[in-house]
Amino acid sequence: MKTVIIIPTWNEQKNISRLIEELQQQFLNIAHDMHILVVDDNSPDGTAETVKQLQSMYPNIHLLRGRKQGLGAAYVRGMTHALNVLKADVVFEMDADFSHKPSDVPRLHQALDEGADFVIGSRYVEGGSIPDEWGWHRRMNSRYGNIVARYLAGLYQVRDCTAGFRAIRSTLLKKIDLSNLKVQGYAFQVALLFEALIHKAKIKEIPVEFVDRIHGESKLGMSDIIEFIINAWWLRFRASATFLKFLITGASGVIVNLGMFTALLYFGVNKYIASPIAIETSILSNFALNNGWTFRSRQTKDTLQIRGLKFNFVSLLALSLSYSTFVFLSFMFPTWPPQLNQFIGIMPATLVNYFLNSYWTFKN
Ligand code: GDD
């Protein structure tokens with residue numbers, strides 16, 4: 001079997017030669033034809049030149065150069081090259097900065113040899129870990145990214161959806177239209193995993209210790225985070241007609257809410273009283289539609305009464321969230337029209353409503 005380890009690089013000159021040397025040592029423990037493909041975006045620090053020098057020592061090193069377009073774009077180019085030009089049977093994704101230990105490569109390959117299609121070096125299964133040195137910001141990014149991928153994009157069954165250390169069978173990759181993933185940066189990890197699950201890939205998570213880099217710094221930027229969130233929403237749309245129905249229901253609830261609120265104001269009701277009445281009316285109309293349409297096909301094991309009780313609880317939570325947002329905004333921005341504050345208050349309430357109803361009230 002021919003295996004190609006794809007390593008995207010942007011300014012990794014201080015890491016790349018030692019990584020390649022250590023990988024060559026590990027290849028001695030793997031009974032496959034092992035190759036390395038460095039995908040460098042013309043790093044100004046001379047990463048590619050270092051790789052070229054190593055190419056004269058090792059025939060199994062390949063170099064692909066291109067314009068900097070992001071981590072995901074580099075992987076798409078690398079995987080396309082590995083499949084079509086190098087004729088790989090297996091490809092790996094791996095960072096250049098020793099975050100992923102070369103000594104874990106044989107374990108990931110082993111899991112693939114044992115029948116998995118898509119092996120993830122996972123930090124969030126038992127035995128896996130993130131670095132102690134990570135500050136709260138990096139920890140939160142990683143945890144939050146996984147929560148968004150699992151619960152928004154719908155990849156619940158995977159614990160580490162954002163991992164960048166993975167081994168994938170080419171038979172699976174060939175079924176996926178890589179050029180159509182429409183992501184440039186770190187969102188690639190979730191976009192590819194989503195496609196793998198659509199194609200019913202056998203996914204296996206192997207615990208790994210993620211090590212903090214010593215040389216250089218993370219290239220994750222704000223645009224990557226924004227793309228990540230937009231992509232998760234897009235995947236949610238694609239994954240579920242349920243969510244679309246929920247949004248249509250929600251939109252009808254907005255009309256009910258604002259209509260009722262405006263009518264109450266018109267009849268002279270105080271805005272702080274009109275707001276919760278309007279919210280509650282829209283929650284009730286949302287429930288009627290969600291129960292009879294959005295989640296109609298769900299085989300919930302609860303009786304109608306229990307479902308009703310759960311719904312009431314969710315409604316109360318959504319009501320208090322929406323109302324407290326409304327009160328907060330009314331105090332903070334007294335000149336804003338009350339309809340605007342009311343509208344903003346609906347947003348978090350809608351999300352909480354969806355997740356609690358989908359994963360609790362109407363759980364299959
Ligand atoms: N060619 C290319 N182009 N390579 C890039 C680019 C790019 O635009 N951006 C980053 N890289 C390379 C880096 O040089 C490194 O080898 C690898 O991609 C990962 O980049 P880092 O910047 O070190 O990633 P990170 O530590 O923030 O993120 C890691 O963990 C994330 C999950 O927490 C990666 O493994 C991510 O893939 C993973 O999602």
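- Ion pairing of Arg159 with Glu126 is absent here, as no side-chain N (NZ or NE/NH1/NH2) approaches a carboxylate O to less than 4.0 Å.
- Tyr354 and Tyr359 have perpendicular rings, their planes meeting at more than 60° on a 0 to 90° scale where under 30° would count as parallel.
- For Phe98, the CZ atom counts as densely surrounded, since its 6.0 Å shell holds more than 12 non-hydrogen atoms of other residues, nucleotides or ligands.
- Looking at Arg123 and Thr162, their side chains do bring a donor and an acceptor atom within 3.5 Å of each other.
- Side-chain contact of Asn290 with Asn286: a donor-acceptor pair under 3.5 Å is absent, judged by distance alone.
- At a threshold of 4.5 Å between non-hydrogen side-chain atoms, the residues His100 and Val208 do not count as touching.
- Atom CD1 of Ile214 is surrounded by 12 or fewer heavy atoms from other residues, nucleotides or ligands within 6.0 Å.
- A donor atom on one side chain and an acceptor atom on the other are not found under 3.5 Å apart for Glu280 and Tyr323.
- Across Ser17 and Thr50, no two heavy atoms sit closer than the pair CB-CG2, 3.9 Å.
- Residues Phe228 and Ala187 come closest through the heavy atom pair CA-CB, 3.8 Å.
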Between Glu114 and Gln110, is the side-chain hydrogen bond (donor to acceptor under 3.5 Å, both in side chains) condition met? List the steps. CA-CA 6 Å; Glu114 286 168 5; Gln110 174 79 26; 2.7 Å; yes
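- The pair Arg169-Asp117 meets the salt-bridge criterion, since a charged nitrogen lies less than 4.0 angstrom from a carboxylate oxygen.
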